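Heads up: the structure comes next, in structure tokens.
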Amino acid sequence: MFSLDSLTVSQREAVEHKDGALLVIAGPGSGKTRVITSRIVRLIEKGVRPYNICAITFTNKAAEEMRERVRAMGVPPGTQVSTFHSLCVRILRQYAEAAGIDPNFSIYSDADQKKCVKDAIAGVDASSDNFQPAKVLNVISNLKNDLIMPEDFKKTANDYYQKMVAKIYNRYQDMMHTNNALDFDDLLVKTAMLLRDYPEIREQLSERFKYLLVDEYQDTNRAQYQIAKGIAIAHGNICVTGDPDQSIYRWRGADIKNILAFEQDWPHAKIVKLEENFRSSPRILELADKLIANNKQRKEKRLIPTIKASRDISCNVYDDERGEAGAIADEILSLIAAGADPNDIAILYRTNSMSRSIEEAFVKKNVPYIIVRGVEFYNRKEIRDMVAYLKLISNPADNVALDRIINTPARGIGETSIKRLELYAAEKGISMLHAAGQAQTIDSLKAAATKIKEFANMIDGFAKAAVPGCSVGKLLADVYEKSGMHTALITSKESQEDAMGNIEELINSAALYDQSAEEPSLFDYLQTISLYSDSDAYDPDSGKVSLMTLHAAKGLEFENAFVIGLEDGILPHERSAENEKELEEERRLFFVGITRAKMGLYISRVLNRTIRGQMFRSMPSKFLYETGLVSGLERTPAPQMDNGFSRYAPGGAGAGRVYGRSVELQMKDPKSQDSQVYKVGRASTFAASLPKINVTAGSFKKGDAVRHPKHGAGVVKEYLNLGANSVITVGFDNGQTKTLIQKSSELEKIEQ
DNA sequence: GTGAATCATCTTTTT
DNA sequence: GATGATTCAC
């Protein structure tokens, strides 16, 4: 299947390790992912069934790539490769009864959670001034990450604040239960509890997952740790990989101890260190090493370069973020002119808002770019509305979803009516949707009763259509029309073109889901989009420069990386500067940023940064002093390139290539769509104001005879005209019915 | 019950 | 500088 020859001695050691626990401590760029995939393949070669292997990655994207790689290496399908969260959804659905939930549970996003916490705060008569929803939610999340249940917390809570939080927490969990909903933390907690409390389930899962591999183990929290341990304890075939120096999620409960104490958990564990780095230039590694050496809480680890060549590291100061962004844009244009691939360039920053100045400069200077921010699309109002319909259809108990859409679009059901409906439902102990079905028998409702009943009928109608195996794209398209959302957007006074475009995009992607998912279902679709993350939106072949947070850059690499905003208060962030542990995490974050670069590393800071509309004077980040990047500049004024970039070479004069010459750049085709960057995954009004592609209207209609290159001839069963995003349901002659998107399917009309 | 206008609060990072 | 909550006129 594959050859071990191409691996280093230590890599091979890890790949070849037989049964039992294995800890792979792997520095950045050490080929860790390759080791895991090779190990999966090797296990299968040795006779392990693919079905008995479970690999856990940090993001869905990483899972997808790993599945792809393993498949490319000739492994038959069946291996479970997913994130902890997706795995938990699967387990909880299978053992829903034991977990005490309905298998059609909703997964609540942070917005949904926030609403519940607010209601819970109000429900225990606490003031939201003293108990800020965001903070309380944070406390609750931390408790869950540590597997502390409401009743446990109640016992230990001793001051007033804690006692109130305990009450809120309890109430919150009750509400989640009535709504048949789980939040992100619940997915882990419930699974951990399931494994703890049901030995027979634990046994079944150990039997199923005979080999467990966990990547990025340094970022697992207590619940994830318990889950991994629960599955593996029976056989001890657990392989974890990670780098304590790249732990950047302490703030959300990740416990670096999980990896540091692995040897105690599994006394016979084999430990392999991968210290060679196949990614970055020696100079970059030298800088990274110098930085991370300032962390006290760490195990010494070396970064051994294997690449010989280095380029100078650039470190620059600008007046403000506009200067920074403009210079970066210029530098990137010269890089591209000199042959660099935009795919292999990234801008990395501490906070999402920092993308804005870069975006503005890139639009102005025609630098092709994409912001890696997947969740933003799903956070838009109109998308959340549409998704709320789906959630309610899938899970009738979801009162939060109902609350969102019962009057969206406006159908004359006001606040008071909703309150009365809620009250009635609570008294009867039924869901609000159920109550809405009997609206006409509820005396308090009066005039709104008919409208509420109509709403309930509509949802019931959708639910009847949402049979197993139905097309989610078609269901969404149906909801869009029949709910009145579409009409409401068309007739709205302000132009709602963006909103409509986004919904079309959603229907479009749902139809794509229908075609590509292994086992498409409404529940599966909802869980996919609920667990969709920022990093999942990263496309290595977009042909554009990627803009993303340092957190989202985890696990990626780029020929040229720009790490911006090296200022005190930004990196390290002011809210993390208070204690040493948080400061060390910020340092690791910068370490992650530095080690994303293969050859070109550009670090920058500004003197004046505008935050939330207010300008602040800023000082250099302390990390710049620690690495000598600032004092180095001060001793010998760095040469200014004519594009504003100066060079810094640690350890003496570098032989780095100077490519700062101004090069006249012409975009290959000014009309090409690549130079217009926007839309998917971007919600800011700024991006929304950018030009749109004009799409040609479709020309299909029901009954048209069509031909598809893959599926052959067929007849159009349904057609929803959304321009190029039009959704077409075709009954093919081979018996299959497919829902396709006009622009992405090569569907041809056959003239008869 | 609706919609526009104003106020306030917030953002550090995310599965 | 954007979102959500609140207020007010209809």
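This one's a predicted model, so the numbers in the text were calculated from it and none came from an experiment. Numbered from 1 within each chain, the chains take letters A, B, ... in sequence-line order.
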Q | Separation of atom CG in A/N138 from atom C1' in B/dC10, rounded to whole Å | A | 15 Å
Q | Out of C/dA2, B/dT13, C/dG4, whichever nucleotide has its closest atom nearest the side chain of A/R356 | A | C/dA2
Q. In terms of ring plane angle, is the pair A/F131 and A/Y161 parallel, tilted or perpendicular, where the classes change at 30° and 60°?
A. parallel
Q) Relative to the 5' end of DNA chain B, which residue comes earlier, A/R252 or A/A410, by the nucleotide with the nearest heavy atom? A) A/A410
Q | Length of the CG-C1' vector between A/D110 and C/dG4, whole Å | A | 15 Å
Q: Would you mind telling me which of B/dT2, B/dT12, B/dT15 lies closest to the side-chain atoms of A/F184?
A: B/dT15
Q: Grab the NZ-C1' distance between A/K381 and C/dA5 for me, whole Å please.
A: 12 Å
Q. Nearest of C/dG4, B/dT15, B/dT12 to any side-chain atom of A/H85?
A. B/dT15
Q. Which is true for A/K554 with a 4.0 Å heavy-atom rule: it touches a base, it touches only sugar-phosphate, or it touches nothing?
A. nothing
**Q.** A/T549 side-chain proximity, nearest of B/dT14, C/dA5, B/dT15
**A.** B/dT14
Q. Nearest to the side chain of A/H551, which nucleotide is it out of B/dT13, B/dT12, B/dT15?
A. B/dT13
Q: Using a 4.0 Å heavy-atom cut-off across all strands, classify A/N407 as base, sugar-phosphate, or nothing.
A: sugar-phosphate
Q.
Assuming nearest nucleotide by heavy-atom distance, tell me which of A/N60 and A/K451 is located more 5' along DNA chain B.
A. A/K451
Q) Under 5.5 Å between ring centres and under 30° between planes: does that hold for A/H573 against the base of B/dT12? A) yes
Q: With the side chain of A/T416 defined as its heavy atoms from C-beta on, choose the nearest nucleotide among C/dG4, B/dG1, B/dT11.
A: B/dG1
Q | Centroid distance under 5.5 Å and plane angle under 30°, A/W251 vs B/dT13 | A | yes
Q. Picking from B/dT14, B/dT11, B/dT12, which would you name as closest to the side chain of A/A134?
A. B/dT11
(Q) Regarding A/R384, tell me which of base, sugar-phosphate or nothing describes its non-hydrogen contacts under 4.0 Å with the strands shown. (A) sugar-phosphate
(Q) Less than 4.0 angstrom between a side-chain N/O of A/K118 and OP1 or OP2 of C/dA5, yes or no? (A) yes
Q | Whole angstrom value for the distance that separates C1' of B/dT15 from CD of A/Q113 | A | 11 Å
Q) Under 4.0 Å between a side-chain N or O of A/N352 and OP1 or OP2 of B/dT14? A) yes
Q: Name all residues meeting the salt bridge (charged side-chain N to carboxylate O under 4.0 Å, His left out) criterion together with A/D568; count only those two or more places apart in sequence or in a different chain, and write none if there are none.
A: none
Q) How would you label the contact of A/Y249 with the nucleic acid (heavy atoms, under 4.0 Å): base, sugar-phosphate, or nothing? A) sugar-phosphate
Q | Closest to the A/R612 side chain, choosing from B/dC10, B/dG1, B/dT14 | A | B/dC10
Q) Going by atom types only, do A/K144 and A/Q173 share a side-chain donor-acceptor pair under 3.5 Å? A) yes
Q. Does a nitrogen or oxygen in the side chain of A/S535 sit under 4.0 Å from OP1 or OP2 of B/dT15?
A. yes
Q: Would you confirm whether the ring centroid of A/F58 sits within less than 6.0 angstrom of the ring centroid of A/F84?
A: no
Q: Examine the side chains of A/T408 and A/D385 and answer whether a donor and an acceptor come within less than 3.5 Å of each other.
A: no
Q: Take the protein atom CG of A/L182 and the nucleotide atom P of B/dT15, then report the distance between them rounded to whole Å.
A: 18 Å
Q.
It should be established whether A/T59 places a side-chain nitrogen or oxygen under 4.0 Å from OP1 or OP2 of nucleotide B/dT15.
A. no
Q. For A/E376 and B/dT14, what is the distance between atoms CD and P respectively, to the nearest whole Å?
A. 11 Å
Q) Roughly how many Å is it from CZ in A/R250 to P in B/dT13, rounded to a whole number? A) 17 Å
Q) What's the closest nucleotide to the A/R575 side chain, out of B/dT12, B/dT15, B/dG3? A) B/dT12
(Q) Whole angstroms only, please: what is the CD-P distance between A/E415 and C/dT7? (A) 12 Å
Q: Would you indicate whether the side-chain heavy atoms of A/Y349 and A/I570 approach each other to under 4.5 Å?
A: no
Q: Name the nucleic acid region contacted by A/S533, choosing base, sugar-phosphate or nothing; use a 4.0 angstrom heavy-atom cut-off, strictly under.
A: sugar-phosphate
Q. Do side-chain atoms of A/N60 reach the backbone of A/D536 as a donor and acceptor pair under 3.5 angstrom?
A. no
